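What's counted below: heavy atoms across the whole structure, side chains too, no hydrogens, waters or symmetry copies. Labels below follow one simple rule: chain letters A, B, ... track the order of the sequence lines, proteins then strands, and each chain is numbered from 1. Treat the numbers as computed from the prediction; the structure is a model and nothing was measured.
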There are 2 protein chains.
Amino acid sequence: MPIDRLKKRYDRKGFKLTPQRLAILRYLEKEKGHPSAENIYMALKKDCPTISIATVYNTLQALQDMGEIREIVIDPERKHYCCRVEPHHHIICTECRKIYDIFADYSQGLELPDEFRKKFKVTSAQVVYYGICNECREKGNEKL
Amino acid sequence: MPIDRLKKRYDRKGFKLTPQRLAILRYLEKEKGHPSAENIYMALKKDCPTISIATVYNTLQALQDMGEIREIVIDPERKHYCCRVEPHHHIICTECRKIYDIFADYSQGLELPDEFRKKFKVTSAQVVYYGICNECREKGNEKL
DNA sequence: TTGGCTGCAAAATATTTGCAGAACA
DNA sequence: TGTTCTGCAAATATTTTGCAGCCAA
């Protein structure tokens, strides 16, 4: 996304588009593997050596509040983030913990049973696949 | 599940069915809300005051390794556990963080796109719904 | 010049590990 | 008697918070 358009969107919501926020957003845009806070911190330190892990967390929270990024609850070890906010789904490799987007439309296949439709006001739904990716199967032993 | 049958299953896998393990398993069997390690620890201290949080974590791991319980990745704050291991799905209230089982069969509705079927050996899949339960909506303000 | 943002440090929370002694086969 | 398990304490990992100084509007 062009920088001036981004800036306007931020202004409208009362946020400032600081270099740190831009760097994190840009990194998430190009990184398909859905990094964790630590991944982002390590990657950004090359270009932005003064950045702190707290700023990464703060920024991820701010971007999430703005609706610019989404937290993915899929890895029991840590949170991951992605910048696509249209509803979609994910598959994770339980070896290398890389996550990929699945843009299939599952909405027809996921009917919430009546009992819960009465009990809950549903805000979102996601489908999560767990598996082992080919790279890890080749690297790993025959168990995988 | 009767205690002698449980014991045999544990023996067969080389585990001992200690009072602590039994207590945790029993608690998970009756607790429909899918407690976290801390929930379990607090609840069990009444009847078993010497239990330690480390034993809860150790036991949850052991039970998971045995295939007796399942870890639910749904709450970004902490892990939750349930004792039903047949594949099923979940809905969580993002206010009180209680989790409920959904036993609907979604297998027909969840076709993994070809690109991933070639790239991944899939081991499991789950559907996760997020929402607000009626109790929390009534308790909470009109925002919810 | 004021409010928001960063970086640092410390705190809070969640989970794991090492180890000595207890329990059990 | 040897192996496994527990409980404690410490360690580790993840995430959050407080605050002083900085920066942009």
Side-chain angles (χ1 to χ4, degrees), chain A residues 3-4 6-25 27 34-42 44-66 68-81 97, chain B residues 3-4 6-25 27 34-66 68-69 71-81 97:
Chain A
I3 191 163
D4 55 337
L6 263 179
K7 201 165 171 323
K8 267 188 196 149
R9 279 172 72 171
Y10 279 56
D11 279 347
R12 219 177 310 132
K13 305 197 186 188
F15 286 90
K16 288 173 190 170
L17 184 56
T18 65
Q20 289 87 342
R21 289 179 178 184
L22 185 60
I24 290 172
L25 204 46
Y27 182 71
H34 301 69
S36 66
E38 184 71 14
N39 293 154
I40 297 169
Y41 176 58
M42 295 312 243
L44 261 53
K45 282 223 285 197
K46 288 169 207 147
D47 289 330
C48 182
T50 73
I51 201 167
S52 78
I53 187 71
T55 294
V56 174
Y57 278 107
N58 286 340
T59 299
L60 289 171
Q61 189 58 58
L63 292 170
Q64 212 182 326
D65 293 345
M66 295 180 57
E68 292 289 321
I69 67 171
R70 181 175 139 196
E71 175 186 314
I72 309 170
V73 186
I74 184 173
D75 180 354
E77 303 309 312
R78 58 189 64 81
K79 293 171 193 163
H80 296 253
Y81 297 87
R97 317 202 90 86
Chain B
I3 190 162
D4 55 336
L6 263 179
K7 201 165 172 322
K8 267 188 194 149
R9 279 171 73 169
Y10 278 56
D11 280 349
R12 218 176 311 132
K13 304 197 187 188
F15 286 90
K16 288 172 189 169
L17 184 56
T18 65
Q20 290 85 344
R21 288 177 181 185
L22 184 60
I24 289 171
L25 204 44
Y27 183 71
H34 302 69
S36 66
E38 184 71 14
N39 294 153
I40 297 168
Y41 176 59
M42 295 312 243
L44 262 53
K45 281 224 284 197
K46 289 169 208 146
D47 289 329
C48 180
T50 73
I51 202 168
S52 79
I53 187 72
T55 294
V56 174
Y57 278 109
N58 287 341
T59 299
L60 290 171
Q61 188 60 56
L63 292 169
Q64 212 182 327
D65 293 345
M66 295 178 57
E68 293 288 323
I69 66 170
E71 174 187 314
I72 309 170
V73 187
I74 186 172
D75 180 355
E77 303 309 312
R78 58 189 63 82
K79 294 170 193 162
H80 295 253
Y81 297 87
R97 317 201 91 87

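- One atom, CZ of B:Arg78, and another, C1' of C:dA12, lie 12 Å apart when rounded to the nearest Å.
- Summarising the geometry of B:Ala37 relative to B:Val56, their closest heavy-atom pair is O-CG1, 3.7 Å, with the distance given to 0.1 Å.
- Checked by atom type, the side-chain pair B:Ser36/B:Asn39 shows a donor-acceptor distance below 3.5 Å.
- The phosphate of C:dT15 has OP1 or OP2 within less than 4.0 Å of a side-chain N or O from B:Tyr57.
- For the pair A:Asp11 (side chain) and A:Lys8 (backbone), a donor-acceptor distance under 3.5 Å is absent.
- Not one side-chain nitrogen or oxygen of A:Thr59 sits closer than 4.0 Å to the OP1 or OP2 atom of C:dC5.
- With hydrogens and angles ignored, the 3.5 Å screen pairs no side-chain donor or acceptor of A:Arg70 with any backbone N or O of A:Gln64.
- One interatomic measurement links the two molecules: NZ of B:Lys16 to P of C:dA22, which rounds to 15 Å at whole-angstrom precision.
- Looking at heavy-atom distances under 4.0 Å, B:Thr18 makes contact with sugar-phosphate atoms alone, never a base.
- The nearest heavy atom of DNA chain C to A:Pro19 and to B:Lys79 marks one nucleotide each, and the one closer to the 5' end goes with A:Pro19.
- We find that CD1 of A:Ile24 is positioned 11 Å from C1' of C:dT6, with the value rounded to whole Å.
- Rounded to whole Å, the distance from CG on A:Asn58 to P on C:dA10 is 18 Å.
- Across the protein-nucleic acid pair, B:Tyr10 atom OH and C:dC24 atom C1' stand 17 Å apart, rounded to whole Å.
- For DNA chain D, the outermost nucleotides in 5' to 3' order that have an atom under 4.0 Å from a heavy atom of chain B are D:dT3 to D:dA9.
- When the C1' atom of C:dT16 is taken as reference, atom CD of B:Gln64 falls 14 Å away, rounded to whole Å.
- Using a 4.0 Å heavy-atom criterion, one finds that B:Ile53 contacts no nucleic acid atom at all.
- Between A:Gln20 and the phosphate of C:dG7, there is a side-chain N or O to OP1/OP2 separation shorter than 4.0 Å.
- At the heavy-atom level, B:Gln61 lies nowhere under 4.0 Å from the strands shown.
- With contacts defined as side-chain heavy-atom distances shorter than 4.5 Å, the pair B:Thr59/B:Ile40 does not qualify.
- Between B:Leu25 and B:Ile69, the shortest heavy-atom contact is CD1-CG2, 4.0 Å.
- If you measure from atom CZ of A:Arg21 to atom P of C:dG7, you get 11 Å, rounded to the nearest angstrom.
- For B:Phe15 and A:Tyr81, each mapped to the nucleotide of DNA chain D holding its nearest heavy atom, the one lying further toward the 5' end belongs to B:Phe15.
- Computed from coordinates, the B:His80 NE2 to C:dT15 C1' distance equals 14 Å when rounded to whole Å.
- Here the closest non-hydrogen pair linking A:Lys79 and B:Pro76 is CE-O, 3.3 Å.
- In this model, the phosphate group of C:dG7 is approached by a side-chain N or O of A:Thr50 to a distance below 4.0 Å at OP1 or OP2.
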